[in-house]
Amino acid sequence: MTEKLYENNSYIKEFTAKVISSDERGTVLDKTAFFPEGGGQYGDTGYISGIRVTDTQIKDGIIYHITEAPVEQTEVNCTLDWNIRYNRMQNHTGEHILSGVINRKYGYNNVGFHMSNDEVTLDVDGKLTEEDIIWLEDEVNRIIDENREVYCIYPEGDELRNLQYRSKLDLTEGVRIVVIDSVDMCACCAPHVNTTAEVGLLKIVKHYNYKGGTRMHILCGDFARRDYRTLSEQNTKVANTYSAKRYELCEVVERLEKEIYTLKDQLRTLRSSVIESMVQENGGKGVCLYFADDFAMDELIKLADRSVVLYPDALTVALSGNDTDGFNFAIGGANAKDRFADFKARFNARGGGRDMYQGKVQSCKNELADFFNGIS
Ligand SMILES: [Zn+2]
């Protein structure tokens with residue numbers, strides 16, 4: 001069994017140890033401050049005598065450091081990626097405070113916990129409202145500000161049996177209980193910060209119903225501060241672009257949405273009159289051929305429909321696009337079925353339809369014009 005230095009002192013960043021073995025399963029030391037993956041938290045990373053440790057795992061009480069190369073020394077100096085590990089400690093302790101408060105106030109249990117490199121999710125087995133979430137955030141941050149002590153106890157026998165704590169286990173010995181003074185007790189093997197103030201800040205960034213309960217995405221400590229910086233930078237950028245004040249961005253977006261809606265409406269009206277004059281100007285003899293530079297498919301169909309109505313005895317061909325990207329087309333009117341079949345065969349066009357044939361063709365304007373003008 002590897003001696004777990006992180007259990008009694010979660011602040012060890014550097015240590016020396018003896019190498020027990022080093023093979024394809026990983027490097028085993030007599031003692032380690034590297035926390036192995038477990039309970040929703042990734043394994044620690046860092047260096048063993050300059051060799052990169054990419055992961056840490058535990059099996060039957062033996063901790064395996066996954067290294068990029070075998071470790072050949074017998075005595076080694078080890079260093080943790082301390083920033084990553086400390087952020088995880090801040091977030092894990094923040095999660096305990098939140099789960100503890102939820103359990104006391106609502107009686108819900110933590111039924112899922114996962115911590116990635118920039119996000120923490122927490123699932124509880126009960127529904128929380130918007131007001132609950134706001135209350136919880138305030139309550140947790142109040143406890144953070146109170147700078148309460150966080151420590152571990154190892155009760156045994158009856159004391160352990162009778163103790164009320166979260167994640168209660170059936171064991172009567174060897175249970176590590178993380179205590180947050182007057183707030184929470186929970187069985188947990190992970191390293192934590194020593195005081196609640198070190199959590200810094202807790203923010204519930206997202207919450208929604210999940211498997212009959214609630215899933216929350218939370219950020220603590222440095223995760224939360226980095227999130228605040230990013231949001232603040234984005235806010236300032238948008239506010240400067242639209243000459244808005246810091247807290248007025250929703251109004252700016254609403255105003256822009258209205259403007260877009262009005263402009264789209266005006267564009268639709270304008271397009272309709274453009275379509276009408278294109279069709280009127282065509283005259284409608286033999287083949288009515290239209291090239292529209294930037295029409296969307298629905299506008300192209302509108303154009304073709306109007307042309308067919310006005311000139312039912314002619315073949316209508318409406319195209320939009322360019323020589324590089326190809327052309328969208330709508331073909332209708334007299335003999336449309338046969339003409340479309342010829343066109344499809346000649347240009348290898350994709351598409352189909354009934355009465356009005358539509359699709360896409362890769363060709364150039366001159367060839368398409370020659371082909372359709374040749375029909376009449
Ligand atoms: Zn825990």
Side-chain angles (χ1 to χ4, degrees), residues 4-12 32-44 55-58 61 63 80 84-126 136 139-141 143-144 148-155 160 163-171 173-204 213-224:
K4 298 165 180 168
L5 298 173
Y6 57 84
E7 281 203 332
N8 293 324
N9 182 356
S10 50
Y11 291 80
I12 298 173
T32 188
F34 282 79
F35 175 71
E37 181 171 359
Q41 183 168 333
Y42 287 154
D44 279 337
D55 192 10
T56 307
Q57 295 288 329
I58 187 165
I63 294 175
L80 269 74
I84 296 172
R85 162 63 175 283
Y86 187 67
N87 291 345
R88 287 176 184 168
M89 282 158 56
Q90 290 179 309
N91 278 276
H92 202 138
T93 304
E95 179 272 315
H96 275 228
I97 303 172
L98 178 58
S99 293
V101 172
I102 289 173
N103 188 252
R104 281 188 171 203
K105 170 92 173 169
Y106 305 100
Y108 302 158
N109 296 302
N110 174 337
V111 289
F113 170 58
H114 184 72
M115 181 158 35
S116 75
N117 286 332
D118 53 9
E119 193 176 60
V120 181
T121 58
L122 164 65
D123 302 334
V124 294
D125 58 1
L136 282 166
E139 180 65 7
V140 170
N141 283 303
I143 292 165
I144 290 171
R148 289 169 188 262
E149 204 186 336
V150 182
Y151 56 95
C152 296
I153 54 168
Y154 299 84
L160 178 62
L163 194 69
Q164 288 300 311
Y165 61 94
R166 294 189 301 109
S167 303
K168 185 121 180 172
L169 304 166
D170 277 338
L171 304 172
E173 59 180 334
V175 178
R176 182 178 188 255
I177 294 176
V178 175
V179 182
I180 299 171
D181 186 30
S182 311
V183 173
D184 186 48
M185 280 204 250
C186 182
C188 178
C189 56
H192 286 263
V193 290
N194 277 350
T195 64
T196 61
E198 286 184 71
V199 175
L201 165 70
L202 177 134
K203 177 72 196 159
I204 302 169
T214 307
R215 169 163 283 186
M216 282 161 279
H217 293 244
I218 64 169
L219 294 173
C220 295
D222 200 43
F223 282 13

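Numbering of ligands and ligand atoms starts at 1, following listing order. This is a predicted model, so every value here is computed, not measured.
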Answer yes or no: is there a side-chain heavy-atom contact under 4.5 Å between F223 and I218?
-> no
Does one side chain, of T121 or H114, offer a donor that lies under 3.5 Å from an acceptor on the other?
-> no
Would you list the protein N, O or S atoms within less than 2.8 Å of the Zn ion (ligand 1), leaving out water?
-> H92 NE2, H96 NE2, C188 SG
All side-chain hydrogen bond (donor to acceptor under 3.5 Å, both in side chains) counterparts of N9, not counting sequence neighbours | none
Using side-chain hydrogen bond (donor to acceptor under 3.5 Å, both in side chains) as the criterion, list what pairs up with R166, not counting sequence neighbours.
-> D184
With E139, which residues qualify under salt bridge (charged side-chain N to carboxylate O under 4.0 Å, His left out), at least two apart?
-> R142
Where does the angle between the aromatic ring planes of Y108 and Y106 fall among parallel (under 30°), tilted (30 to 60°) and perpendicular (over 60°)?
-> parallel
